[in-house]
Amino acid sequence: MMPTANLSDPMEPLESLRSTAGARIEAVASIAELDALEAELVGRNSPIGAARRGLGTIEDADERRDQGKAINDLATEVSAAIDARRATLAAIEEREALAADRVDVTLPGRPVRRGTSHLVQSTIDEIVDIFVSLGYTVADGPEAETGFYNFTALNIPETHPSRHESDTLYLDYGEGTGDEEVLLRTHTSPMQARYMETHEPPVYVVVPGKVFRADEIDATHLPVFHQIEGLAVDGSITFADLKGTLAHFAKEFFGRDTEVKFIPHYFPFTEPSAEMHAYTKGQWIELLGCGMVNPAVFEQVGYDPDVYTGFAFGMGAERMAMVRHGITDLRALADPDLRILEQYR
Ligand code: DAH
């Protein structure tokens, strides 16, 4: 039988591996490095892999078995050391990742600047709330209207000056003329007719919204502003109800000691009609238009004027805000300058 290990001892590189592996494994600082070292120490091309392949050349069965066992023992020992190191490194890497991701919940937050309603919007909301607390509902309607709802249904004659182009903004929409003509509503009153057409009495409704007029901008005019319309229709409504309701509104909005007076006026859609003035901040000031619903309007919408009576009113939201806050230039309310607006947060 030929000696098998006559040129060099095949266990020789394994001996040096055994003596250095432990220290090398401990020296590795990451799992990635450890994976590379594992291939080097116990992989197919490692001295252990080579020694395993060399086993086939050992002819003596006992010697082959002994060497095979020695190789396996060494491989098991080295692999166990690698696994232990891998567990340690995984724990370290996880701890470092957690530390890197840590959120300091005790850091002061970045303050979020809170927005706020514009003064005109908060004025509308407040006015609407006063009427809601009296049992009124809230409706809204189209800003683009027809001549019919904006004028005719409200008993405003074909010849009325407000129908003129110099007062009303007409839209270039469709072929209609007169009642069919499309325009930007000049007041919220058209919703009186629209609401009554679609609801049976009793009616207690307020309608806030934008209105439009062909006005030059100055301290008291804007081409776009806001109104709040009111309408009450029931079996036996009188002018006393109108006065009581609007006096209550004025006291709620301007303060308990606010006095009001009603001065006769003319509106085509109410009869009789009045302007309500209020005494506030030391002077009488005109607040709104109002009156008893004209029976002609009831007839337009199919309400029997012998059965129902009602009152209506319309006020400008910007005007209410100006009177309450002593604002003298309407343009302040259309100015986006936050220094103006923040005074009325
Ligand atoms: N629509 C009127 C305007 O814009 C205001 C008004 C007056 C509304 C009398 C009404 C009312 O409902 O009864 O000037």
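Just so it is clear, the model here is predicted, and its values are computed rather than measured. Both ligands and their constituent atoms are indexed starting at 1 by order of listing.
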Has ligand 1 got any nitrogen or oxygen that is less than 3.5 angstrom from a nitrogen or oxygen of Thr186?
no

is_close_aromatic([X], [Y]), centroid dist under 6.0 Å:
{"X": "His187", "Y": "Phe269", "answer": "yes"}
{"X": "Phe131", "Y": "Phe249", "answer": "yes"}
{"X": "His325", "Y": "Tyr344", "answer": "yes"}

Where do Phe151 and Thr168 land on the side chain to side chain contact (heavy atoms under 4.5 Å, CB included) test, with the steps shown first?
CA-CA 11 Å; Phe151 300 121; Thr168 297; 3.7 Å; yes

Donor + acceptor pair across side chains of Glu286, His277 (<3.5 Å)
no

Contact with ligand 1 for [X], non-hydrogen, under 4.0 angstrom:
{"X": "Phe311", "answer": "no"}
{"X": "Arg213", "answer": "yes"}
{"X": "His265", "answer": "no"}
{"X": "Gln227", "answer": "yes"}
{"X": "Ser189", "answer": "yes"}

If you count every heavy atom of other residues, nucleotides or ligands that lies below 6.0 Å from Asn72 atom CG, does the total exceed 12?
yes

Main-chain N/O of Tyr204 paired with Thr137 side-chain donor or acceptor, under 3.5 Å:
yes

Assigning hydrophobic clusters by single linkage (Ile, Leu, Val, Met, Phe, Trp, Tyr; side-chain heavy-atom cutoff under 4.5 Å), is Val211 placed with Met191?
no

Can you list the atoms of ligand 1 that are under 4.0 Å from a heavy atom of [X]?
{"X": "Ala312", "result": "12 (O), 13 (O)"}
{"X": "Gly291", "result": "13 (O)"}
{"X": "Phe267", "result": "7 (C), 9 (C)"}
{"X": "Thr270", "result": "13 (O)"}
{"X": "Gly289", "result": "7 (C), 9 (C), 11 (C)"}

Starting from [atom], which protein heavy atom do you reach first, and at what distance in Å?
{"atom": "atom 11 (C) of ligand 1", "answer": "Phe269 CE1, 3.5 Å"}
{"atom": "atom 12 (O) of ligand 1", "answer": "Glu229 OE2, 2.7 Å"}
{"atom": "atom 8 (C) of ligand 1", "answer": "Gly314 N, 3.3 Å"}

Check whether Phe253 forms a cation-pi arrangement with Arg324 (NZ or CZ under 6.0 Å from the six-membered ring centre, at most 45° off the ring normal).
yes

